[in-house]
S.K.: 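Encoded as structure tokens, here's the structure I'll be asking about.
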Amino acid sequence: MASTVTYKYIKQNPDIMTYIKRADKALEAIGYTEHSFAHVERVAQTASMILTELDYPERQVELVKIAGIMHDIGNVINRVDHAQSGAVMAFRLLDNLSMPAEEICSIVSAIGNHDESTAVPIDEISAALIIGDKTDVRRTRVRNQDLLTFDIHDRVNYAVEKSNVRFNDNKTSIILELTIDTNISSVMEYFEIFLQRMILCKKASQYFGKRFEMIINGTPVL
């Protein structure tokens with residue numbers, strides 16, 4: 001059974017857009033970095049780039065984009081277990097849109113497996129979503145404009161001047177390439193809060209038979 005549910009359709013769905021907006025508002029209230037449209041759209045694009053470069057079918061690319069745009073809606077309930085609550089929310093929303101069960105399974109499995117406390121790359125959709133989500137580190141995610149009151153998460157994100165996810169030339173590695181202002185945050189601080197996420201990216205890359213590498217200021221560090 002073919003599905004008419006597309007990434008474009010999801011982005012035009014007012015209910016889903018409301019959940020994304022309200023989920024980000026809830027995180028703003030507890031001091032988290034930006035998780036709104038800029039984040040979820042970037043996650044969707046990075047995840048879809050991975051599957052496109054690895055020649056997965058076009059519909060699989062579409063599904064990972066849908067998973068990317070919806071992956072954080074569970075934050076509207078609570079940050080705790082947001083991956084699992086978001087997966088349940090996504091099931092109801094997509095089932096009401098008459099998406100085929102096989103496709104819903106792929107999306108809710110990916111959403112339910114994207115948080116580092118419980119995440120497992122169980123298939124290509126979940127593996128690509130993990131990499132897309134965990135590599136989104138950038139200055140524009142910082143809401144706090146007072147540098148004097150930055151916590152470590154603010155410093156690390158604000159220090160990132162450029163961020164790019166790409167394959168190497170022979171597609172044996174997925175690379176996160178960062179340019180960091182070390183006057184704002186040290187490379188060590190980056191690893192202090194992101195090491196678990198980078199280990200998860202390594203596992204997700206291994207699902208595809210690839211290495212995960214990180215380059216900071218032109219130097220390979222992972």
S.K.: Would you check, one step at a time, whether the test salt bridge (charged side-chain N to carboxylate O under 4.0 Å, His left out) holds for E53 with R166?
M.R.: CA-CA 9 Å; E53 289 290 321; R166 61 177 176 84; over 6 Å; no

S.K.: Side chain to side chain donor-acceptor pair (under 3.5 Å) between T172 and N168: does it pass, once the steps are laid out?
M.R.: CA-CA 7 Å; T172 58; N168 62 351; 2.8 Å; yes

S.K.: When rounded to the nearest 0.5 angstrom, what distance separates NZ in K162 from CG in L178?
M.R.: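 These two atoms lie 12.0 Å from each other.
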
S.K.: Does any donor atom in the side chain of D123 or S126 lie under 3.5 Å from an acceptor atom in the other side chain?
M.R.: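 The answer is yes; a qualifying pair exists.
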
S.K.: Out of V156, L176, T135, which one pairs with F194 under the side-chain contact (heavy atoms from CB on, under 4.5 Å) rule?
M.R.: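 Of the listed options, the one satisfying the test is V156.
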
S.K.: If two hydrophobic side chains count as joined below 4.5 Å and joins carry through other members, does F191 share a cluster with F212?
M.R.: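 As far as the 4.5 Å side-chain criterion goes, F212 and F191 are connected within one cluster.
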
S.K.: Output the distance between atom CG (L129) and atom NE2 (H71), rounded to the nearest 0.5 Å.
M.R.: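 Going from CG on L129 over to NE2 on H71, the span is 6.0 Å.
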
S.K.: Would you say M49 and Y207 are hydrophobically clustered, going by side-chain heavy atoms of ILVMFWY under 4.5 Å?
M.R.: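 As far as the 4.5 Å side-chain criterion goes, Y207 and M49 are connected within one cluster.
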
S.K.: Which side-chain hydrogen bond (donor to acceptor under 3.5 Å, both in side chains) pairs, counting each pair once, include a residue from residues 190-200, with sequence neighbours left out?
M.R.: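 The answer is E116-R197.
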
S.K.: Drop me the distance from T46's OG1 to K134's NZ, to the nearest 0.5 angstrom.
M.R.: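 That separation rounds to 13.0 Å.
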
S.K.: Using the side chain to side chain donor-acceptor pair (under 3.5 Å) criterion, which residues pair with S85? Sequence neighbours excluded.
M.R.: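 S85: no side chain to side chain donor-acceptor pair (under 3.5 Å) contacts found.
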
S.K.: Does a side-chain heavy-atom distance below 4.5 Å link T149 with N144?
M.R.: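 T149 reaches N144 side chain to side chain.
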
S.K.: Checking the side chain of D136 only, and the main-chain atoms of V43 only, is there a donor and an acceptor separated by less than 3.5 Å?
M.R.: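 Absent.
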
S.K.: Calculate, to the nearest 0.5 Å, the distance between atoms CG and NE2 belonging to L27 and H35 respectively.
M.R.: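 NE2 of H35 is found 5.5 Å from CG of L27.
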
S.K.: Return yes when atom CZ of F37 has more than 12 non-hydrogen atoms of other residues, nucleotides or ligands closer than 6.0 Å, and no otherwise.
M.R.: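 Yes, the 6.0 Å shell around CZ holds more than 12 heavy atoms from other groups.
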
S.K.: Without swapping roles, check the side chain of Q84 against the backbone of G112 for a donor-acceptor pair under 3.5 Å.
M.R.: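 Answer holds: yes.
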
S.K.: Residues in salt bridge (charged side-chain N to carboxylate O under 4.0 Å, His left out) with D154, at least two apart?
M.R.: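 Applying salt bridge (charged side-chain N to carboxylate O under 4.0 Å, His left out) to D154 gives none.
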
S.K.: Mind checking whether V221 and I184 sit in one hydrophobic cluster, side chains of I, L, V, M, F, W, Y counted as touching below 4.5 Å?
M.R.: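 No; I184 is not reachable from V221 via cluster members.
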
S.K.: Do D181 and S185 get their side chains close enough for a donor-acceptor pair, meaning under 3.5 Å?
M.R.: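 Result is no, nothing qualifies.
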
S.K.: Going from CD1 on I130 to CD1 on I122, what distance comes out if it is rounded to the nearest 0.5 angstrom?
M.R.: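 Nearest 0.5 Å value for the CD1-CD1 distance: 9.0 Å.
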
S.K.: Does CG belonging to D169 count more than 12 external heavy atoms closer than 6.0 Å?
M.R.: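 At most 12 heavy atoms, drawn from other residues, nucleotides or ligands, come within 6.0 Å of this atom.
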
S.K.: Tell me whether the count of non-hydrogen atoms from other residues, nucleotides or ligands lying under 6.0 Å of OH in Y32 goes above 12.
M.R.: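 Counting other residues, nucleotides and ligands, OH of Y32 stays at 12 neighbours or fewer.
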
S.K.: Looking only at atom types and distance, does a side-chain atom of D95 sit under 3.5 Å from a main-chain N or O of F91, one as donor and one as acceptor?
M.R.: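 Not at all, since once roles are kept as given, no pair shorter than 3.5 Å links the two residues.
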
S.K.: Would you indicate whether Y19, at its atom OH, is surrounded by more than 12 heavy atoms from other residues, nucleotides or ligands within a distance under 6.0 Å?
M.R.: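 Check fails, neighbour count at 12 or below.
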
S.K.: When clusters are formed by joining ILVMFWY residues with side-chain heavy atoms under 4.5 Å apart, either directly or through shared neighbours, do L51 and L200 land in the same one?
M.R.: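 Per the 4.5 Å side-chain linkage, L51 and L200 are not co-clustered.
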
S.K.: Can you measure from CD (Q60) to OG (S106) and round to the nearest 0.5 angstrom?
M.R.: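 Those atoms lie 5.5 Å apart.
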
S.K.: Could you tell me whether the side chain of N217 and the main chain of I180 form a donor-acceptor pair under 3.5 Å?
M.R.: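 The answer is yes, because a donor-acceptor pair under 3.5 Å joins these two groups.
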
S.K.: So, S117 versus D115: side-chain donor-acceptor pair below 3.5 Å or not?
M.R.: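 Side chains of S117 and D115: pair found under 3.5 Å.
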
S.K.: Determine, for R59 against E103, whether the closest basic-nitrogen to carboxylate-oxygen distance falls under 4.0 angstrom.
M.R.: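 Looking at E103 together with R59, the answer is yes, because their closest N to O distance falls below 4.0 Å.
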
S.K.: Look only at the side chain of K171 and the backbone of L54, and say whether a donor-acceptor pair between them is shorter than 3.5 Å.
M.R.: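 Not a single qualifying donor-acceptor pair exists.
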
S.K.: Quick one: do I125 and I107 satisfy side-chain contact (heavy atoms from CB on, under 4.5 Å)? Show the steps, please.
M.R.: CA-CA 7 Å; I125 305 292; I107 291 171; 5.5 Å; no

S.K.: Any heavy-atom pair between the side chains of D146 and F150 that's under 4.5 Å?
M.R.: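 No, too far: nothing below the 4.5 Å cut-off.
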
S.K.: If you compare all heavy atoms of V5 against all heavy atoms of I66, which two are closest, and at what distance to 0.1 Å?
M.R.: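 Nearest heavy atoms, V5 then I66: O-CD1, 3.8 Å.
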
S.K.: Would you call D24 and R22 a salt bridge, using N to O less than 4.0 angstrom?
M.R.: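 No, no charged N to carboxylate O under 4.0 Å.
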
S.K.: Does R139 count as lying over the ring of Y158, i.e. NZ or CZ under 6.0 Å from the six-ring centre, within 45 degrees of the axis?
M.R.: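 The answer is yes, since R139 meets both limits relative to Y158.
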
S.K.: Quick check: are there more than 12 heavy atoms from other residues, nucleotides or ligands sitting under 6.0 Å from NZ of K21?
M.R.: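 At most 12 heavy atoms, drawn from other residues, nucleotides or ligands, come within 6.0 Å of this atom.
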
S.K.: Flag the pair E34 and R143 as a salt bridge only when some basic side-chain nitrogen lies within less than 4.0 angstrom of an acidic carboxylate oxygen.
M.R.: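 Salt bridge: no.
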
S.K.: Measure centre to centre between the rings of H82 and H114, then say whether the value is under 6.0 Å.
M.R.: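 Ring centres of H114 and H82 closer than 6.0 Å.
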
S.K.: Would you say the side chains of E213 and S173 form a donor-acceptor pair under 3.5 Å?
M.R.: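 Per modelled atom types, E213 and S173 side chains form a pair under 3.5 Å.
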
S.K.: Does one hydrophobic cluster hold both I50 and I175, with members joined at side-chain heavy-atom distances below 4.5 Å?
M.R.: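 Looking at the clustering, I175 is in a separate group from I50.
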
